[in-house]
Participant: 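To start, I am sharing the structure in question, which I have written as structure tokens.
Lettering of chains follows the sequences in order, A, B, ..., and the numbering in each one begins at 1.
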Protein chains: 2
Amino acid sequence: MDEKFESYFKAAVSVDNVVFGFDHTGLKVLLIYRGADPYRNCWALPGDLISLDTNLIDSAEKVLQDLTGLEEIYMEQIHTFGKVDRHPYGRVFTVAYFALIKIDDYHLHPSSWAEEAAWFPISEIPDLPFDHNEILSYAKDQLKSKIRRQPIGFELLPKHFTLTELQTLYESILETEFDVRNFRKKILSMDFITDTGLKQTSVTHRPAKLYKYNAKRYSNLINTGFAFDL
Amino acid sequence: MDEKFESYFKAAVSVDNVVFGFDHTGLKVLLIYRGADPYRNCWALPGDLISLDTNLIDSAEKVLQDLTGLEEIYMEQIHTFGKVDRHPYGRVFTVAYFALIKIDDYHLHPSSWAEEAAWFPISEIPDLPFDHNEILSYAKDQLKSKIRRQPIGFELLPKHFTLTELQTLYESILETEFDVRNFRKKILSMDFITDTGLKQTSVTHRPAKLYKYNAKRYSNLINTGFAFDL
DNA sequence: TTTAATTATTGTATTTTTTACAATATATTC
DNA sequence: GAATATATTGTAAAAAATACAATAATTAAA
């Protein structure tokens with residue numbers, strides 16, 4: 001390599017994950033309490049610098065896996081942020097991902113770089129270090145536009161869910177309301193959720209039917225020009 | 001800074017642009033003939049390593065500006081590629097952008113790092129160095145899905161264009177055909193192209209009306225929940 | 001000047017999708 | 001069994017998408 005290239009090889013790259021979860025109180029984001037400098041003792045997005053011997057996507061997955069213990073998580077790269085002064089230690093580009101997880105299924109494992117991890121309601125996010133508020137805002141927009149066109153909402157719900165839960169999920173993320181009858185008609189006509197035959201238990205009123213998502217049916221459909229649109 | 005961070009600051013980041021153009025023969029991509037190592041004397045995507053003192057977006061714009069002499073180009077970040085061994089000189093992440101330009105308006109300026117620049121039909125792209133074929137394929141998919149939902153096709157056409165040109169553009173990119181009557185009805189009902197009152201000249205048949213895109217009308221509409229969908 | 005050739009422009013009927021709207025059903029608790 | 005709470009379902013009207021072909025305007029040739 002020509003030595004004129006040397007000056008370029010002085011940057012670092014990190015990944016930052018915007019992890020969304022959902023429960024009956026609404027949409028949540030997972031933040032960690034930083035245990036190391038810079039910005040020690042601040043709430044921030046979970047992320048890490050990338051080792052030179054690790055592929056980008058593997059780094060992003062590892063951060064999430066360390067944090068949640070999960071293997072199969074829905075993840076998607078959303079944007080790369082690269083302002084000159086976004087990191088106090090030098091030139092650090094960061095590649096942002098969003099991830100969707102089933103909030104009930106997992107106990108969080110704070111990892112080496114995080115003293116604590118917690119879910120924050122999407123409307124109560126504190127000031128975050130770096131450009132993390134900007135990243136989060138970007139991720140929210142992406143989630144909103146993505147969920148309208150692909151059946152990814154199911155990644156946020158338990159395996160079995162009620163139609164009311166599904167509707168509440170869509171209403172929270174899209175910040176709108178749907179007519180109960182029209183929503184059900186549309187979702188059911190798309191034909192990739194299935195009645196499990198089961199019903200809710202331990203509710204103090206008429207129990208709702210439990211449905212499950214049929215990912216296979218969707219992957220069959222996309223090749224037919226089918227478009228999910230809500 | 002703690003010295004344990006030093007090992008991370010040895011990466012480089014580049015930008016690579018997928019520049020689309022359109023003429024009556026179809027969709028084109030702009031490639032440059034590399035005049036410098038690595039991969040000297042190969043056709044490749046126009047791109048460059050990022051100086052540590054330049055913002056990410058500024059780097060991407062500069063590459064395009066050097067190449068085309070243009071100031072206002074439609075650009076959008078699409079994805080970041082970061083496999084460990086994608087660059088022979090070391091760890092180089094690359095941030096890919098796609099850009100849309102009006103092919104007729106500009107004469108290309110080969111720049112310091114490019115001996116030559118040329119338009120290649122989208123279906124006749126040669127083998128490219130690095131992971132540039134993968135990047136290009138990604139960009140094509142993005143363009144396809146983006147153009148269906150946002151009126152960005154106009155960035156590829158001259159200021160004044162005919163409805164037939166517009167339809168051909170959409171048909172090339174989406175690889176489909178539309179009924180002439182239905183296409184016109186839909187486009188015109190969306191109400192952001194305007195009849196200029198002008199007509200084609202120097203054609204050997206009935207001249208078509210010339211239209212122009214009204215960007216302001218679109219930006220007014222998006223706040224009303226209006227959705228462009230073709 | 002008429003005719004041929006070429007592309008531009010336009011309308012309507014049918015089907016499908018979206019929208020608006022409220023009554024009935026099923027469970028628990030008191 | 002009455003009260004309470006949520007789940008479930010249908011229909012009519014409006015809007016949008018689709019399928020389909022005849023007429024108009026220009027140039028070139030005869």
Participant: Need to verify one output field. Residue with the more 5' nearest nucleotide on DNA chain D, A:T204 or A:L188?
Facilitator: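 Residue closer to the 5' terminus by nearest nucleotide: A:T204.
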
Participant: Answer yes when B:K62 and B:D58 have at least one side-chain N-carboxylate O distance shorter than 4.0 Å, and no when they do not.
Facilitator: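 Not counted as a salt bridge, because no side-chain N and carboxylate O are separated by less than 4.0 Å.
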
Participant: Let's see if you can work this out: which of D:dA25, C:dA8, D:dT8 has an atom nearest to the side-chain heavy atoms of A:R184?
Facilitator: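 The answer is D:dT8, which lies nearest to the side chain.
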
Participant: In whole angstroms, how far is the P atom of D:dA24 from the NZ atom of B:K209?
Facilitator: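 Those two atoms, NZ and P, are 15 Å apart.
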
Participant: Between atom CG in A:D179 and atom P in C:dT17, what is the gap in whole Å?
Facilitator: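 My rounded result for the distance is 18 Å.
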
Participant: Atom OH of A:Y211 and atom P of D:dA7: how far apart are they, to the nearest Å?
Facilitator: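 So the two atoms are 12 Å apart, to the nearest Å.
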
Participant: Rounded to whole angstroms, how far apart are CD on A:Q167 and P on D:dT9?
Facilitator: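 About 14 Å, once rounded to whole Å.
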
Participant: Would you indicate what B:V180 reaches in the nucleic acid, counting non-hydrogen atoms under 4.0 angstrom: base, sugar-phosphate, or nothing?
Facilitator: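 Base contact.
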
Participant: If you assign A:R206 and B:R206 each to the DNA chain C nucleotide with the nearest heavy atom, which residue ends up on the more 5' nucleotide?
Facilitator: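 First, find each residue's nearest nucleotide; the 5'-ward one identifies B:R206.
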
Participant: Closest approach to the side chain of A:K186, judged atom by atom: which nucleotide of D:dT8, C:dA8, C:dT18 is it?
Facilitator: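 Output: C:dT18.
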
Participant: Check step by step if ring-ring contact (aromatic ring centres under 6.0 Å, His included) holds for A:F81 and A:F130.
Facilitator: CA-CA 11 Å; A:F81 296 81; A:F130 308 104; over 10 Å; no

Participant: Between D:dC20, D:dT6, C:dC21, which nucleotide gets closest to the side-chain atoms of A:H205?
Facilitator: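 My answer, after comparing the listed nucleotides, is D:dT6.
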
Participant: Using whole Å, report how far CG of A:D195 lies from C1' of D:dT9.
Facilitator: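 In whole Å, D:dT9 C1' lies 14 Å from A:D195 CG.
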
Participant: Keeping to residues at least two apart or across chains, list the side-chain hydrogen bond (donor to acceptor under 3.5 Å, both in side chains) pairs with something in residues 205-217 of chain B.
Facilitator: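 Only B:D191-B:R217 qualify under side-chain hydrogen bond (donor to acceptor under 3.5 Å, both in side chains).
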
Participant: Does D:dT26 have OP1 or OP2 sitting under 4.0 Å from an N or O in the side chain of B:K199?
Facilitator: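 So the side chain of B:K199 is within the cut-off, an N or O lying under 4.0 Å from OP1 or OP2 of D:dT26.
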
Participant: Quick one about B:T25 and B:K28 (side-chain donor to acceptor, distance below 3.5 Å, no hydrogens or angles considered), yes or no?
Facilitator: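 On atom types as modelled, these side chains qualify, holding a pair under 3.5 Å.
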
Participant: Given that B:P207 and A:L210 both sit by DNA chain D, which one's nearest nucleotide is further toward the 5' end?
Facilitator: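 The 5'-side residue here is A:L210.
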
Participant: Rounding to an integer number of Å, can you tell me how far A:F183 CZ sits from C:dT17 C1'?
Facilitator: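 Rounded to whole Å, this separation is 17 Å.
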
Participant: What is the separation between atom NE2 on A:H24 and atom C1' on D:dT6, rounded to the nearest whole Å?
Facilitator: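 It works out to 16 Å between those atoms.
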
Participant: Sorted by first residue and then second, give each side-chain hydrogen bond (donor to acceptor under 3.5 Å, both in side chains) pair with at least one member in residues 148-171 of chain B; sequence neighbours left out.
Facilitator: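 Those involving residues 148-171 of chain B are B:R149-B:D229, B:T164-B:R184, B:Q167-B:E171.
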
Participant: Identify whether any heavy atom of B:T162 sits under 4.0 Å from a base atom; if not, whether one sits that close to sugar-phosphate; answer base, sugar-phosphate or nothing.
Facilitator: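 The residue B:T162 makes no contact with any strand.
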
Participant: When we call it a touch if two heavy atoms are under 4.0 Å apart, what does B:K185 touch: a base, just sugar-phosphate, or nothing?
Facilitator: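 If one applies the 4.0 Å heavy-atom cut-off, B:K185 turns out to touch a base.
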
Participant: If I take atom CZ in residue B:R181 and atom P in nucleotide C:dG11, what distance separates them, rounded to the nearest angstrom?
Facilitator: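 To the nearest whole Å, that distance equals 12 Å.
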
Participant: Select one nucleotide: of D:dA7, D:dA19, C:dT10, the one nearest the side-chain heavy atoms of B:N182.
Facilitator: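 Of D:dA7, D:dA19, C:dT10, D:dA19 is nearest to the side chain of B:N182.
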
